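Here the structure is laid out as structure tokens; the discussion comes afterwards.
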Amino acid sequence: QVQLVESGGGLVQAGGSLRLSCAASGNIFSINAMGWYRQAPGKQRELVAAFTSGGSTNYADSVKGRFTISSDNAKNTVYLQMNSLKPEDTAVYYCNAAIVSFSATNYRAMELWGQGTQVTVSS
């Protein structure tokens, strides 16, 4: 069973930093896409940062210059370094990935979401 497990959320003061991690585990053949989304109270889920199909990165305008997405391919892990946090960054953050898993008989393509991790930034 392929799973995404998130960690690193918490409570910080404005101006502080957090580093989120998302680790994919299981029988993974490939990870074709990976990114971070967030959903704040009363708002729709939005893209925060992602790797594009071409291998570059894409960020929401609201986080450019403050957040950095990175990965450790050997560990099937993606990170989100969040600096200069603002109260408006408060949200549940979700990892998202397009993964091809394998078994003894076939391959399976799937889109997975992490369980979500709460980030709260106080004034």
Side-chain angles (χ1 to χ4, degrees):
Q1 185 93 269
V2 178
Q3 296 181 355
L4 301 179
V5 179
E6 301 179 31
S7 63
L11 173 65
V12 297
Q13 295 185 17
S17 298
L18 284 173
R19 188 194 192 202
L20 306 183
S21 298
C22 176
S25 63
N27 294 339
I28 300 169
F29 176 76
S30 65
I31 300 177
N32 298 326
M34 211 160 195
W36 291 93
Y37 292 73
R38 68 185 181 188
Q39 188 165 21
K43 300 186 67 175
Q44 296 185 19
R45 188 171 298 186
E46 64 174 344
L47 175 69
V48 177
F51 289 106
T52 68
S53 59
S56 61
T57 55
N58 188 29
Y59 296 93
D61 288 340
S62 60
V63 307
K64 286 181 179 177
R66 300 187 297 119
F67 291 10
T68 303
I69 187 172
S70 62
S71 66
D72 185 337
N73 293 333
K75 296 181 178 180
N76 290 326
T77 300
V78 65
Y79 306 94
L80 184 67
Q81 179 67 46
M82 304 185 294
N83 298 326
S84 301
L85 284 162
K86 305 174 181 179
E88 49 263 46
D89 294 318
T90 295
V92 178
Y93 284 70
Y94 298 92
C95 177
N96 173 260
I99 294 175
V100 178
S101 65
F102 67 91
S103 67
T105 58
N106 69 344
Y107 297 90
R108 297 178 182 178
M110 61 189 72
E111 183 180 20
L112 298 178
W113 291 90
Q115 81 278 12
T117 184
Q118 177 71 48
V119 172
T120 302
V121 184
S122 62
S123 301

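Because the structure is predicted, anything quoted here is derived from the model rather than measured.
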- Query: OG of S101 to CE of M110: how many Å apart, nearest 0.5 Å?
  - Reply: 3.5 Å
- Here the pair of heavy atoms bringing L47 nearest to A60 is O-CB, 3.4 Å
- Least distance between heavy atoms, G114 atom then Y94 atom: O-CD2, 3.7 Å
- Task: Would you check if S62 and E88 make a side-chain contact, meaning some heavy-atom pair closer than 4.5 Å?
- Result: no
- Query: Rounded to the nearest 0.5 Å, how far apart are CD of E6 and CG of L20?
  - Reply: 7.5 Å
- Message: Looking at every non-hydrogen atom in both residues, tell me the closest pair between P87 and A14 and how far apart they are.
- Response: CD-CB, 4.1 Å
- Message: For V121, is there any backbone N or O sitting under 3.5 Å from a side-chain donor or acceptor partner on T90?
- Response: yes
- Note on the structure: When every non-hydrogen atom of I31 is compared with those of N76, the smallest separation belongs to CD1-OD1, 3.7 Å
- Note on the structure: What one should report as the nearest heavy-atom pair of S84 and R66 is O-NH1, 3.0 Å
- Item | R108 side, atom CZ; N27 side, atom CG - distance, nearest 0.5 Å | 10.5 Å
- Whether Y59 side chain and I69 backbone form a donor-acceptor pair below 3.5 Å: yes
- Item | Carboxylate-amine/guanidinium proximity below 4.0 Å for K64 and D61 | yes
- Message: Over 60° means perpendicular and under 30° means parallel, so tell me whether Y93 and F67 are parallel, tilted or perpendicular.
- Response: tilted
- State, to 0.1 Å, how close C95 and V78 come at their nearest heavy-atom pair, and which atoms those are. SG-CG1, 3.9 Å
- M34 CE to T77 OG1 distance, which is reported to the nearest 0.5 Å: 7.0 Å
- Message: For G9, is there any backbone N or O sitting under 3.5 Å from a side-chain donor or acceptor partner on Q118?
- Response: no
- Using modelled atom types only, decide if a donor and an acceptor are shared between the side chain of E46 and the backbone of R38 within a distance under 3.5 Å. no
- Query: Got a donor-acceptor contact below 3.5 angstrom from the S103 side chain to the T105 backbone?
  - Reply: yes
